[in-house]
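Accompanying notes for the structure given below.
Quick note: residue numbers are just sequence positions, from 1.
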Amino acid sequence: MEKQENRAVMKYFYLKGLTPKEIKEEMDSTLGTSSPSYSTVKHGFPTHTSIVATAKINDLKTKLMPHPPYSPDLAPCDYLLFPNLKKWLGGKRFADNEEVIEAVNGYFEELDESVYRDGINRLEHRYEKCISHGGDYVEKYNFF
């Protein structure tokens with residue numbers, strides 16, 4: 001069976017509410033050795049929108065917030081720590097990896113606790129801006 005056909009079969013079972021393990025068992029019993037690997041089945045669908053996950057979220061009466069699967073605007077390391085570290089490392093030369101590791105560890109140890117607190121506090125504002133722009137990058141709007 002071709003890759004696209006496997007995906008169609010996996011989607012069919014997925015929409016029926018089967019778990020990845022159950023889908024793999026069904027495909028193994030039908031296709032034998034030409035069945036896709038468990039990893040392929042397991043990672044074939046987004047877990048945060050799976051039927052099982054969505055049902056559990058509804059049972060818990062939890063509100064699912066819309067957001068892109070990944071946005072550098074919402075990862076404090078990407079918008080706060082790494083750009084500043086990159087600037088700090090600019091122009092420096094190191095003899096080996098150990099020297100780089102020591103320098104980076106020293107950089108983070110010297111940062112004041114308020115830097116981390118402020119970064120997390122800015123996250124809510126960045127999250128709201130990201131949603132209001134339909135998941136588009138916040139940085140290109142120069143809000144910060």
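- Within the model, atoms CD of E25 and OG1 of T30 stand 11.5 Å from one another, a figure rounded to the nearest 0.5 Å.
- Across all non-hydrogen atoms, the minimal contact from A103 to F94 is CB-CE2, 3.5 Å.
- In terms of hydrophobic clustering, with Ile, Leu, Val, Met, Phe, Trp and Tyr side chains grouped at heavy-atom distances under 4.5 Å, Y38 and Y12 are assigned to different clusters.
- Scanning both residues, M10 and M27, for their nearest heavy atoms gives CG-SD, 3.5 Å.
- Residues N84 and Y107 meet the side-chain proximity criterion, which asks for heavy atoms closer than 4.5 Å.
- Residues F108 and I101 are members of separate hydrophobic clusters, defined by side-chain heavy-atom contacts under 4.5 angstrom among Ile, Leu, Val, Met, Phe, Trp and Tyr.
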Candidate pair E26 and V9, rule side chain to side chain contact (heavy atoms under 4.5 Å, CB included), full reasoning: CA-CA 10 Å; E26 286 285 337; V9 172; over 6 Å; no
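- Under a 3.5 Å cut-off, the side chain of D96 and the backbone N or O of E99 do form a donor-acceptor pair.
- Partners of E98 according to the side chain to side chain donor-acceptor pair (under 3.5 Å) rule, which considers only residues two or more places apart in sequence or in another chain, do not exist here.
- Comment: D28 engages K24 in a salt bridge, judged by a side-chain N to carboxylate O separation of less than 4.0 angstrom.
- The nearest pair of heavy atoms linking V41 to P20 is CG1-O, 3.5 Å.
- Taking 4.5 Å as the limit, some side-chain heavy atom of R117 sits within range of a side-chain heavy atom of S114.
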